[in-house]
Amino acid sequence: MKHWITALLIATQLSAIPAYSIEVEETKVPSANSHGMKKKVDELMSQMTFEEKIGQMNLLSIGFDVTGPVVSQDVDQKIKKGLVGGVFNTFTPAAVRKLQEIAVNQSRLKIPLLFGYDVIHGHRTIFPINLGLSCSWDPELIERTAQAAAKEASADGLNWVYSPMVDIARDPRWGRVSEGSGEDPHLGSEIARATVRGYQGKNHDNADTVLACVKHYALYGAAEAGRDYNTVDMSPVRMFNEYLPPYKAAVDAGVATVMTSFNEINGVPATANKWLVTDVLRKDWGFKGMIATDYTAVNEMVAHGVGDEAKVTELAINAGIDMDMVGELFIKHGAVLVKSGKVSEAQIDAACRRVLEAKYKLGLFHDPYRFISEERRKKELMSADKLQLSKEAAIKSMVLLKNAKQVLPLSTQQKVAFIGPLVKDQRNLIGAWSGAGDWKQATSIWQALDTKFGAGKFLYSKGCNILDDDRMIELLNLNGAMLQRDEKSPQDLIKEAVATAQQADVVVAVLGEPFIFSGEAASRSMIGLPDNQLDLLKALKATGKPVVLVLMNGRPLTLPWENENLDAILETWFGGTKAGDAIVDTLFGDATPSGKLSITFPVNVGQIPIYYNAKNTGRPFVPREKFHTQYLDVSNQPLYPFGYGLSYTTFEYDEPKLSQSTMRSAETITVSTRVKNTGKRAGVETVQFYIRDLVGSITRPVKELKHFQKVELKPGEEKVVEYKLTVDDLKFYNSDLKYAAEPGDFEVFCGTDSSNLKKAKFTLM
Ligand code: BGC
């Protein structure tokens, strides 16, 4: 249940809020590291009752969205009694002020509240879904999107965002692959760091930064069979080498808060997992910030089967959790647990302290209203620079999957037919988890065509519905999908589309998933285009016209027929507020695609999980031989590999050159390659460097991404791209979970994608 009870809740809870225009002066907040923080928190805690302390550990949802099956009740009464540390789903200066005033004027100790929200890929200005953004392989761009989101969110009264989501995912059936950065720990870690930097800035001196929250700790993306909330069972070496790095990267980048995940890990739910939360996160990684649960995750441990309400509360608090999201079990059972000695008072004190410290760092004790400013709101929300950034991000996130005979870019001299239910669509453009974004402000492809070329220059036909399956439409509409079937029959829609296509020189079919096919609780067992869309494509293909498929979707899709039969395929994900403009610029060559896949596209569902950094096995594939690792009915190769993405131009790589062929651990090897633009247009290439550790004390992946660099090249231009490889790039966690490099032979690869690489060798002495 995400975001669709909006209207009802606004009406019931926030309608009476007056429009505030009171301005709070920006003043310098005392440094969080100062002795001032300890003094302030000590002073407050010395006055707090036990209930008030545990009240700080209570995180409730109130306001514009409902993001789980339970709804918090009587929130203002609880705030008055000092029983709430923070709320989420409330924003706008007026609504935030209303609740903050209750905390500051009516509660005994006047402790201000935290205001959290799921700002996932933008707040009001929506950027491409995170999976799309990660295909930019551009941490600097992603940092700017997070910074823009922080500016909007903070101007809207928020001080805490539930992002970045850094769950590594190798199973595209899982609906939440859309929220993350794909399958690779190195790319995922770079993006995690960049996002934290973007949200939090250097400090909170100006009220235009927010606390970030890395989630979902941990391994949520490894849910069995890609079914949301499902079991995770994983070896420690896989965890540490392949799944945990992005969370750690966020911690190393100074993320202020962490959210635990819904799933169990090797039999213990993450939210009760003391080893995960206290030993790894706090002790090994040195995390000093605040840890919150996911939505009612404590309560859900009853269903997991690890105890009754009191027991799961004990487990969560003792694991080291500081805030209980929505479930309210901490305030319900905390006192009895302390009285019986099952939870120590020191544990409660430590948690309360961490919540208060987060507030102090934000400057809320100095000025509880510092994030509340109508003036800043007017200036920041959907400002021209953010809209421009939304377009830039959408362009850089697109991945050109196929472009036979250079059918793209299109020319304005051609007669182009735009066909498909997503040509004029706005709702789906901003994707799932689009926060406070307003789909009505998103630019559709059709609107963008009008703006760029003037109205009436192109042919159009709807061609099909997004979905034709009534049962599915009904189910999805219950949750706000806004799907409607056309009055015309599917056959008539296709007939019209074919007639339109026949008048054109080239057909652009805009198809994909409804936004609601991705995000939370949106797993799919089949991940192709819906059958009715495929029927349309087949009919268009039969006209003999060149067909370009523009895709909008939230996960890798299985596209074997499309790849085989269509002329070009442009993956645009759900591109955000300015997706339409970005797509039109790209189709007509004013922008050149440069995105690379951050996740593998399988040929079919049976190949899942499929990922590039796999192990060799003892019987690696040999064509036409039995007794080797393979399927009888499908190749081991994916449809499109990790790192793949074409441009309107072509690039040529030299073999990598190494500055030396042996290396001692204190040394660096410079790996270089010459990259040349061999096509007729300027373009940006992401040069990728991988390594392989040929022999290890545990088996090592056949390839691991270690570095990437973007290079912009004019036609005919060439540049040498260098990467300084150090011993850190060769380290991994061994079976004792010791992080070290092992001497021996290595391969280093460079190239345009994970399956198209040139290699050299070196030895670590
Ligand atoms: C999701 C989180 C989200 C939280 C609060 C949960 O259902 O798993 O990602 O931050 O709700 O809305």
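Counting starts at 1 for both ligands and their atoms, following the listed order.
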Restricting to heavy atoms, the pick from Asn89, Asp294, Thr296 nearest atom 8 (O) of ligand 1 would be Asp294

Practice task
Using distance alone, decide if ligand 1 has a nitrogen or oxygen within less than 3.5 Å of any nitrogen or oxygen in Arg176.
Solution key: yes

For His216, the atoms of ligand 1 under 4.0 Å from one of its heavy atoms are 2 (C), 8 (O), 9 (O)

Would you check if there is a donor-acceptor pair between the side chains of His121 and Asn130 at a distance under 3.5 Å?
no

(Q) Under 3.5 Å, is there a donor on one side chain and an acceptor on the other for Tyr220 and Asp228? (A) yes

Within the 4.0 Å heavy-atom cut-off, what Glu179 brings close to ligand 1 is neither

One finds that the ligand 1 atoms under 4.0 Å from a non-hydrogen atom of Phe88 are 5 (C), 12 (O)

Would you check if the side chain of Glu183 reaches a backbone N or O of Thr600 as a donor-acceptor pair within less than 3.5 Å?
yes

For ligand 1, which is the ligand I care about here, please tell me if Lys215 has any N or O atom under 3.5 Å from one of the ligand's N or O atoms.
yes

Taking only non-hydrogen atoms of Glu520 and a 4.0 Å limit, the atoms of ligand 1 in range are 1 (C), 6 (C), 7 (O), 8 (O)

Contacts of Glu380 meeting side chain to side chain donor-acceptor pair (under 3.5 Å) (sequence neighbours excluded), chain-then-number -> Lys386

The single option from Tyr117, Phe371, Trp160 that satisfies ring-ring contact (aromatic ring centres under 6.0 Å, His included) with Phe91 is Tyr117

Heavy-atom proximity to atom 3 (C) of ligand 1 ranks first, among Val119, Asp118, Leu59, Asp228, for Asp118

Item checked: Check: Tyr217 ring centre within less than 6.0 Å of Tyr247 ring centre -> yes

For Met259, the ligand 1 atoms with a heavy-atom partner under 4.0 Å come out as 10 (O)

Could you tell me if Arg238 sits above the aromatic ring of Tyr243, with its cationic atom closer than 6.0 Å to the ring centre and no more than 45 degrees from the axis? no

Exercise for the section: Determine whether any heavy atom of Phe262 lies closer than 4.0 Å to an atom of ligand 1. Expected result: yes

Side-chain H-bond candidate by donor/acceptor type, Thr271 with Thr260, under 3.5 Å: yes

Quick look: Met165 vs ligand 1, heavy-atom contacts under 4.0 Å, and the answer is neither

